[in-house]
Asker: 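Take a look at this one; I'll ask things after.
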There are 4 protein chains.
Amino acid sequence: MTDLGDMPGGKTMKPRPRAAGQRDPARTRTAILDAATLEFTAKGLTGARVDTIASRSGVNKRMIYHYFGDKEGLYLAVLEETYSAIRMAEVELHLADREPMDGIRTLIEFTWNYFIAHPEFLSLLANENMHRAKYLRQSERVRALHSPFIDTITQLLRRGEKAGLFRRGIDAVQLYISIAALGFFYMANQHTLSTIFGRDLVTPDQLAGRGAHIVEVVLAYLAPPASNRKPPAVRRSPRGKSPS
Amino acid sequence: MTDLGDMPGGKTMKPRPRAAGQRDPARTRTAILDAATLEFTAKGLTGARVDTIASRSGVNKRMIYHYFGDKEGLYLAVLEETYSAIRMAEVELHLADREPMDGIRTLIEFTWNYFIAHPEFLSLLANENMHRAKYLRQSERVRALHSPFIDTITQLLRRGEKAGLFRRGIDAVQLYISIAALGFFYMANQHTLSTIFGRDLVTPDQLAGRGAHIVEVVLAYLAPPASNRKPPAVRRSPRGKSPS
Amino acid sequence: MTDLGDMPGGKTMKPRPRAAGQRDPARTRTAILDAATLEFTAKGLTGARVDTIASRSGVNKRMIYHYFGDKEGLYLAVLEETYSAIRMAEVELHLADREPMDGIRTLIEFTWNYFIAHPEFLSLLANENMHRAKYLRQSERVRALHSPFIDTITQLLRRGEKAGLFRRGIDAVQLYISIAALGFFYMANQHTLSTIFGRDLVTPDQLAGRGAHIVEVVLAYLAPPASNRKPPAVRRSPRGKSPS
Amino acid sequence: MTDLGDMPGGKTMKPRPRAAGQRDPARTRTAILDAATLEFTAKGLTGARVDTIASRSGVNKRMIYHYFGDKEGLYLAVLEETYSAIRMAEVELHLADREPMDGIRTLIEFTWNYFIAHPEFLSLLANENMHRAKYLRQSERVRALHSPFIDTITQLLRRGEKAGLFRRGIDAVQLYISIAALGFFYMANQHTLSTIFGRDLVTPDQLAGRGAHIVEVVLAYLAPPASNRKPPAVRRSPRGKSPS
DNA sequence: GATGAATGAGTGTTCATTCAT
DNA sequence: AATGAATGAACACTCATTCAT
């Protein structure tokens, strides 16, 4: 799957498009998955209707059960596909080959832009958390994707530290969560935020402004403390124990 | 959670609590609302079951329709109550009376702690966005809550600017969204994050660590650019029990 | 209640209208009955809603049960009131005092006009038949009304026979059923008839035309066989208007 | 009732009747329709229970929604089927090929006998009028059935006129309504009529007597005025336009 | 592989009626 | 007499899933 977004935004055509309704397992599977992503994104697991997915994908309802077992199996497949897409796109950034500052900035901007382009990822993630990750937890495929990703960020941070560009001791998970958080919250909750603040938050200008803001926030945090551009004696532990 | 979270906003108890099932409209209404908040939080609007809410609240199902019209009416009532609770708690912080740095830090810590103590707020918010704020948008009551809140933050920022503590031109909405984002994403998506990163993110230590991180990130951003700032007094311990 | 139409078409005001909501048993009862007639007429026994009757009559729902026992009791009361009204109006025609031809013609015209003015009578009657007269059969009051009515018509027919105006042996019940039928079917089924025949059957012209037709049909039947009759003076237009 | 009344219109049996509950869409549809006709006839649209229809027809309740959309859709289908049945039976009378007097007499007798054999038609019609023909009006199929029917009667009347058998200017719609009325009212309201007149109106003798009465009434009306068996100068217009 | 008919356990909602005040 | 809260049994309709072809 070369894809990354062969779904919401640009269906890639099969090279030899056969007559519709004919036997073409791969095509049938993909059609179901595409329709399902749309439906689960819009309605959540509970709200999604198997009938709707069947009719939108143009395949017989029975095929869904044939390929994915049941509704939950289909949901899990959508989840894996969606997570897989973002992680694979991140691999394409070749962060390991970049200068620390460039690497981080690239990651921040990519993440923000990906969230703008892929609302289905945000929706699915929010929905899966309502189910306390019950389904994601079953997926070994997804778990395997993240370890190398975090390793890459960690290396970037360590290199930046040594170069005196970043403050010491930054945790890659903590940092990535913050990068994602600043974009996710804004996009995923755009409807309630626009409502309570009485401002349309997703105009091109607003989006550009938010992107710049996110970069500023993260870079300000990464910069070594002002007092001494050399590493500060004070180190804080992002997780437990505490220094004392 | 001391009392702040008597569920949705802390209804005061009736002076003479009578036996349940008796004639007590206020109590009946509250019982329904409490059970509904739990159910909508756990299952979303679609997944929630009216029967479950009825049996958990110990009232006859018919009463739900009597007091709230229908399931959606009940959902909206829960939404209003929940939003109202956090905004009212924020009022109690008396941010307008505080020094800029103290005010902002108080807001950050309060927000983080509130999200920890009130998972129902996070869930409801996520769910409401799946519905594109269809219900929240109907509520005039909720909209009215936010204008003064943003005004207060704006004043805090302006005062901090003049004192040379904060960088110039920070937008209150943008800042508040970031403060909320850093906590919201972590708590709301704790299940998927814990899964993909293979780390339990909600141990007391982890929570404390995240709190410290959030404070650091936000304060680093607020500080005026290095060229013209006086070194900030390093302050820490944004975690621990803290004010709340 | 002097009634005869103090319901659908001209509520008679109480002489001393007291403040609404006050204690006035008679007024409460009448208010319920009026609202109930409207509701049962429009929706039938099954379709009628006790709540609707209560709110339309402006009395508490409990009062309905107080005065009429239950929904069926109220329905029966409406039924009795409605039947009673038409029979009492017929008494006012003083058929016994009229010449045979005048008497019959008066009866035909009265019946037709009554059906036009009292759609509630038609509806209730149709509805009661769907229930196979289950409720009407319980009413002794209604049964007692009809015997004298048929006697009157019988006498009219016998007098007309002797005068050589009517054919011999006409059965009063059969005749009355036909008189009622020709008007009832037209008015009661006006909606389906207008639909299938693509013609609005209840314009003033159409109603006048139908009235004339009914008189013609019945009088043609009443006339003695051609061999031994004196040509009837051709009379038309049962009331006013004329064909137009 | 020979076969004319295989319920709603006389569906032809499947050549190889399979065991019930098997896969046989046509049979399932018919079974639902038959049970529904019974239920709507007995209880009306509001009073009818979908569960009852399902269990009586021996099909799963879900099938009703599969084939007819909802309760109202099923009701409309029953309505169409029922109207269609009587109009199709009328076509079989071949009125256009008959002598005027024979044709009219045949129509009168057929109508009367049809009403006796098909109480469901009467009930449905009465019920549909309580809804002000809301459903019938949606049916184009039904509307199309009536125009040719009225044309046929009109031709019959015109031929009779020329032969000096019928009075001039009789309106086919008006006449047909009267023919139907004289039978409909008697049969449809048999329960209330039997009650108030204290006479069982549906014994074989009574039915035969009523049939004879209806023929007499209609034929008396059709006959040219007595004064001149040749067309009378006096012409009355039962509908509009005026005599002139 | 593919189809659409068939199923049974729910789902939100309504209703006549009663109870406590 | 009058009120409005409370109730439980339905009711129309839905849904994921399976079966026969």
Side-chain angles (χ1 to χ4, degrees), chain A residues 21-25 28 45-55 59-67 69-74, chain B residues 18 20-29 45-54 58-74, chain C residues 21-25 28 45-55 59-67 69-74, chain D residues 18 20-29 45-54 58-74:
Chain A
Q22 290 302 95
R23 307 202 165 183
D24 184 343
T28 298
L45 172 57
T46 322
R49 298 294 162 235
V50 174
D51 278 284
T52 306
I53 294 169
S55 71
V59 310
N60 186 277
K61 193 166 32 161
R62 192 64 190 76
M63 289 295 93
I64 292 174
Y65 292 91
H66 183 67
Y67 285 114
D70 59 8
K71 192 191 187 187
E72 297 190 350
L74 176 56
Chain B
R18 313 181 193 179
Q22 292 298 99
R23 301 217 143 197
D24 187 342
R27 161 183 286 240
T28 297
R29 226 189 98 97
L45 172 56
T46 323
R49 299 295 162 232
V50 174
D51 278 284
T52 306
I53 295 169
V59 310
N60 186 281
K61 188 165 39 159
R62 190 61 187 77
M63 288 292 93
I64 292 175
Y65 293 89
H66 186 63
Y67 285 113
F68 300 97
D70 57 9
K71 192 190 187 185
E72 297 190 350
L74 177 55
Chain C
Q22 290 302 96
R23 306 201 165 186
D24 184 343
T28 297
L45 172 56
T46 322
R49 300 293 162 235
V50 174
D51 277 284
T52 306
I53 294 169
S55 71
V59 310
N60 186 276
K61 193 165 33 161
R62 192 65 188 77
M63 288 296 94
I64 291 173
Y65 292 90
H66 183 66
Y67 284 113
D70 58 9
K71 192 190 187 185
E72 298 189 350
L74 176 55
Chain D
R18 311 180 196 179
Q22 292 299 97
R23 300 216 145 200
D24 187 342
R27 163 183 285 239
T28 299
R29 225 190 100 96
L45 172 56
T46 322
R49 298 296 162 231
V50 174
D51 278 282
T52 305
I53 294 169
V59 310
N60 186 282
K61 186 169 37 162
R62 190 63 188 72
M63 287 293 93
I64 292 174
Y65 294 91
H66 186 64
Y67 286 112
F68 300 98
D70 58 9
K71 193 190 186 185
E72 296 190 351
L74 177 56

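We name chains A, B, ... by the order of the sequence lines, and we start the count at 1 in each one. Quick caveat: nothing in here was measured; it's all calculated off a predicted structure.
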Asker: For C/Arg49 and B/Leu45, take the nucleotide of DNA chain E holding the closest heavy atom to each; which residue's nucleotide lies nearer the 5' end?
Answerer: B/Leu45
Asker: Test of understanding: with side-chain hydrogen bond (donor to acceptor under 3.5 Å, both in side chains), list the residues that count as partners of C/Asp70, not counting sequence neighbours.
Answerer: none
Asker: Closest-nucleotide mapping onto DNA chain F: is B/His66 or A/Thr46 further toward the 5' terminus? I mean the 5' end.
Answerer: B/His66
Asker: Look at the side chain of C/Val50 and decide which nucleotide, out of E/dA16, F/dA12, E/dT13, has an atom nearest to it.
Answerer: E/dA16
Asker: Taking all non-hydrogen atoms of both residues into account, name the closest pair between A/Arg49 and A/Thr46 and its distance.
Answerer: NH1-O, 3.1 Å
Asker: Scan D/Phe68 against the nucleic acid and name what it touches under 4.0 Å (heavy atoms): base, sugar-phosphate only, or nothing.
Answerer: nothing
Asker: Could one point to a donor on the side chain of B/Asn60 or the base of F/dG8 with an acceptor on the other under 3.5 Å away?
Answerer: yes
Asker: Is a donor on one side and an acceptor on the other found under 3.5 Å between the side chain of B/Lys71 and the backbone of B/Ile64?
Answerer: no
Asker: Is the base of E/dT17 touched by the side chain of C/Lys61 through a donor-acceptor pair closer than 3.5 angstrom?
Answerer: yes
Asker: E/dA6, OP1 or OP2 - any side-chain N/O from D/Tyr67 closer than 4.0 Å?
Answerer: yes
Asker: Using the closest heavy atom to pick a nucleotide of DNA chain E for each, name whichever of C/Arg62 or D/Arg62 lands nearer the 5' end.
Answerer: D/Arg62
Asker: Answer yes or no: does a side-chain N or O of B/Thr28 lie under 4.0 Å from OP1 or OP2 of F/dA5?
Answerer: no
Asker: Assign each of B/Val59 and D/Lys71 to its nearest nucleotide of DNA chain F by heavy atoms, then name whichever residue's nucleotide is nearer the 5' end.
Answerer: B/Val59
Asker: Considering every strand and a 4.0 Å limit on heavy-atom distances, what is the contact class for D/Ala48: base, sugar-phosphate, or nothing?
Answerer: sugar-phosphate
Asker: Whenever both distances are under 3.5 Å in a Watson-Crick or G-U wobble pair, mark it; put DNA chain E into dot-bracket that way, with [ ] for crossing pairs and | when the partner is on another strand.
Answerer: .||||||||||||||||||||
Asker: To the side chain of A/Asp70, which of F/dT17, E/dT13, E/dT3 is closest?
Answerer: F/dT17
Asker: Ignoring the backbone of B/Tyr65, work out which of E/dT13, E/dA5, F/dT17 is nearest its side chain.
Answerer: E/dT13
